[in-house]
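Encoded as structure tokens, the structure appears first; notes follow it.
Each chain gets a letter, A, B and so on, in the order its sequence line appears, and its residues count up from 1. All values below were derived from every heavy atom in this structure, side-chain atoms included, with hydrogens, water molecules and symmetry-related copies excluded.
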Amino acid sequence: MITQVQKPVLEVHDLTVSYGRNPVLWNIDFTLPKGSLAGIIGPNGAGKSSLIKAIMGLLEINNGYIKVFDQGLNEVRKKISYVPQRESVDWDFPASALDIVQMGTYHKLGLFRRPGKAEKALALDCLKKVGMEKYRDRQISELSGGQQQRVFIARALAQQAEIYFMDEPFAGVDISTENMIVDLLKDMTAEGKTVIVVHHDIHSAPKYFDWIIMLNMYLVASGPTEKVLTEALLEKTFGGKLSLLSDAAQLIKEKGFNPLKS
Amino acid sequence: MEDFVYFFSFQDPNVAMVVAGITLLSISAAMVGTFTFLDKKALLGDAISHAVLPGVCLAFMFAGSKNPYWIVLGAFITGAISTYAIEWISNSTKLKEDTVIAAVLSVFFGIGILLLTQLQQTGDAALSGLDHFLFGNAISIVYEDLMVYGILALLVIICILVFYKEFKLIIFNPSFAESVGLPVKRLKLLFNTLLVMAVVTGIQAIGVVLMAALLITPPAAARFWSNRLHVILMLAVLFAVLSGIAGAFISFAVPHMPTGPWVVMAISFIAFASFFFAGKKGILSKWYNQRNYQQKIHRDHILKSLFQALEKNSKTLEKDEIMEYFPGKEKLTRTYISKLEQENKIELEGEKLKLTPSGLVEAKRVVRLHRLWELYLAQYLNLAPDHVHDMAEKMEHLLTPELEAKLDASLDYPTQDPHHSKIPRDNDL
């Protein structure tokens, strides 16, 4: 059940990805329409995070290609924003909330230039949008998990991108932060921006997303929420791995090299 | 003292040169070190500083003299090879990085010592002072050395300043840095090159073995004082320069004294002092706060015992009765009683103690917090009444007025605790 669209903002074509010799995604092929708020769902180890890391060029691609706004990734980097998992960084790093949000403006500054007044104003505005203006000077290790996630979202807003990829923004945050982020994402997509979110909770998925991508090492489904959220597809996604894929992955692991690499 | 004045008046151009050299290399080491420290790569600095020794010896064998250009080149090459080797081995085997670093460090240093011993056995007169490269001798810096090491250090400093925000980003969040299109791999290569260069600039003045300390200890000390990267960077530079100059001075004042060990002594002293005294993070302040808290507990308990006596319709308590509440702490109790009296919280009538009106307010608050917390545990955490006392005993000293208000509201302003004791209020009779 894969719905392809005309003039997609994101096209993932026959994508195969491995971690070292361990294949994690097999032949993923889907397209996404502009302005969608899309959720990537699937069980642990389904390759949800790997999919957006591969799209961002952070993982080596064995096969296939990705186009954003019908162009290669490097041509459109400034229109793309990536929010990594909160746990992926060391929050003891000596920085304030404002420092982190300003990092969202670095790539537009180029070498030599430091963030100036305009960047600071933008960062403050983004902090305000996530309700964190009070904590601008707070050391980041002193923020709660939900507040740290808000800072990450504010940094993404400061990038002023057209398409956003967010890795588990709702993991380990309080309910008020979760609601605030969902409202913000809905506002963003209403303005024509596209947001793709890795999500772990199947129960809230239909409330949050208008498009759902179901993964289980392969693409089970991709389409409007009401079409894909069926009993049968959920069973395919969460009902255990395809045993042949697991066997093939085991076969590859036993080789001294990765035969999928081209 | 004479030495001190002579040294720090810089009337001797040689002294001025030595100080200029050691200042520059301390700045570059502390700047590179701050990023290395934050990237949790402290051990890498140690490995590089050991791995430059074979390069120094080989350069000497090749050039036949202590020509600084060859020595820097040799040191840089073996230092860079060691960095590359560590990265390559950890990426292509299952060995953990610390294992690889330890192995590479000892192999390179072993070869270095081998070469050094070999050289010294030749008895070449030009060799005298080659062992300075082990522990450093700032005073032996001559003009040509200053030019080579100084320019190298300056180059490192400029690069760090230019790429400040890029280095900050790739250390805090490399995947984000890559996602916005920063050339993360090339920046890391550049940073490793700067790290090797920073070590190389110190080999003559500080020595290969101890150079790692000048990289890592200044930022470690500075981290105690601040939560801001630019402040940490500046403090690290300050600490490094101070200890560098201190080491150079001692080498100058005491003949044949190596510089490196004294620099390490000085910087370690600063680090220990930071550990003890720095703001809220220092051990001293933690001790102090803990002691204050213990005092508050004792004080609260004295007031509470007087209030509980009042509940049993006895307006006063004998001093000895109070002493019995705190066995083994008679002396402390006596001190706090007189303190409370000075603060006008209690009155002494002979040997009898009595709460003053302001003491009564405070005593009520402690008892109220205790009973509110007991009720909270009973209602919200479903604990039986006989399980709630111990925690409440701790919380009564801790809760702030804001939390008290919140607690009170969530319990709907109760009148009784789970043991049916009355919750005292300020407007009670």
Side-chain angles (χ1 to χ4, degrees), chain A residues 20 49 52-53 55-59 73-100 102-115 119 137-142 151-152 155-156 158-159 161 163-167, chain B residues 33-42 90-94 158-187 190 218-236 274 278-281:
Chain A
S49 293
I52 65 170
K53 279 186 190 152
I55 295 172
M56 294 311 303
L58 302 173
L59 286 180
L73 185 68
N74 286 324
E75 279 86 72
V76 289
R77 287 248 187 223
K78 289 200 167 115
K79 291 189 195 171
I80 309 176
S81 165
Y82 168 59
V83 180
Q85 283 185 20
R86 185 167 56 83
E87 290 84 9
S88 69
V89 304
D90 174 12
W91 289 93
D92 275 333
F93 193 83
S96 66
L98 188 64
D99 285 339
I100 302 301
Q102 281 187 336
M103 288 178 178
T105 66
Y106 281 7
H107 64 297
K108 286 183 181 158
L109 289 172
L111 276 187
F112 303 108
R113 272 187 61 206
R114 300 275 164 82
E119 284 74 29
D137 293 323
R138 186 74 66 90
Q139 156 68 12
I140 51 173
S141 63
E142 289 163 8
V151 170
F152 258 15
R155 179 176 73 177
Q159 288 181 273
I163 184 164
Y164 293 80
F165 295 90
M166 304 188 175
D167 202 346
Chain B
T34 299
F35 287 99
T36 314
F37 164 77
L38 290 174
D39 203 18
K40 305 182 182 69
K41 290 272 163 61
S90 3
N91 284 342
S92 52
T93 65
K94 279 188 174 169
I158 291 170
C159 276
I160 294 278
L161 290 176
V162 168
F163 292 102
Y164 175 81
K165 72 177 191 304
E166 281 76 15
F167 287 148
K168 179 177 172 182
L169 191 53
I170 63 170
I171 287 171
F172 173 66
N173 198 348
S175 67
F176 179 79
E178 210 172 330
S179 82
V180 299
L182 278 188
V184 173
K185 282 204 181 101
R186 266 179 285 163
L187 282 167
L190 171 68
R223 188 69 184 87
F224 285 106
W225 296 96
S226 174
N227 278 327
R228 293 288 178 275
L229 180 56
H230 60 276
V231 181
I232 292 173
L233 199 66
M234 282 187 282
L235 280 176
S274 304
K280 274 190 280 182
K281 286 187 197 166

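Between chain A and the options B:Val231, B:Val184, B:Leu169, the largest number of non-hydrogen pairs under 4.5 Å is found for B:Leu169.
For a residue to count as touching a neighbouring chain, one of its non-hydrogen atoms must lie under 4.5 Å from one of that chain's; by this rule A:Gln85 does not touch chain B. Only the side chain of A:Ile100 comes within less than 4.5 Å of a heavy atom in chain B; its backbone stays farther off. In this structure, the portion of A:Arg155 lying under 4.5 Å from any heavy atom of chain B is its side chain and not its backbone. In this structure, the portions of B:Lys168 lying under 4.5 Å from any heavy atom of chain A include both its backbone and its side chain. Contacts between B:Ile232 and chain A at a heavy-atom distance below 4.5 Å involve the side chain alone, from C-beta outward. For A:Leu73, no part lies near chain B; criterion is any non-hydrogen pair under 4.5 Å. For B:Glu166, the part lying near chain A is the side chain, with the backbone staying farther off; criterion is any non-hydrogen pair under 4.5 Å. With a 4.5 Å cut-off on non-hydrogen atoms, A:Asp167 does not touch chain B at all.
A heavy-atom distance below 4.5 Å is found between the side chains of B:Arg228 and A:Asp99. Side-chain contact check for B:Arg223 versus A:Pro94: some heavy-atom pair is nearer than 4.5 Å.
In the displayed structure, B:Arg186 atom CZ is contacted under 6.0 Å by at most 12 heavy atoms of other residues, nucleotides or ligands.
Distance check: B:Ser179 OG to A:Ile80 CD1 gives 8.5 Å after rounding to the nearest 0.5 Å. Note that CG of B:Asn227 and CD1 of A:Ile140 are 9.5 Å apart. Values are rounded to the nearest 0.5 Å.
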Next item on the list: Would you sort out whether A:Phe152 and B:Asn173 count as a side chain to side chain contact (heavy atoms under 4.5 Å, CB included), showing the intermediate values?
Entry: CA-CA 11 Å; A:Phe152 258 15; B:Asn173 198 348; 3.6 Å; yes

Note to self: Let's go through B:Lys165 and A:Gln102 carefully: what are the C-alpha distance in whole Å and the side-chain angles of both, what is the deciding distance for side chain to side chain contact (heavy atoms under 4.5 Å, CB included) to 0.1 Å, and is it a yes or a no?
What the structure shows: CA-CA 10 Å; B:Lys165 72 177 191 304; A:Gln102 281 187 336; over 6 Å; no

Check: Does the side chain to side chain contact (heavy atoms under 4.5 Å, CB included) test come out yes or no for A:Gln159 and B:Val180, once each step is laid out?
Finding: CA-CA 9 Å; A:Gln159 288 181 273; B:Val180 299; 3.2 Å; yes

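For the pair B:Phe176 and A:Gly104, the tightest heavy-atom approach, listed with the atom from each and the gap, is CZ-CA, 4.3 Å.
Note on ring orientation: taking the six-membered ring where Trp is involved, the planes of A:Phe93 and B:Phe172 are tilted (angle from 30° to 60°).
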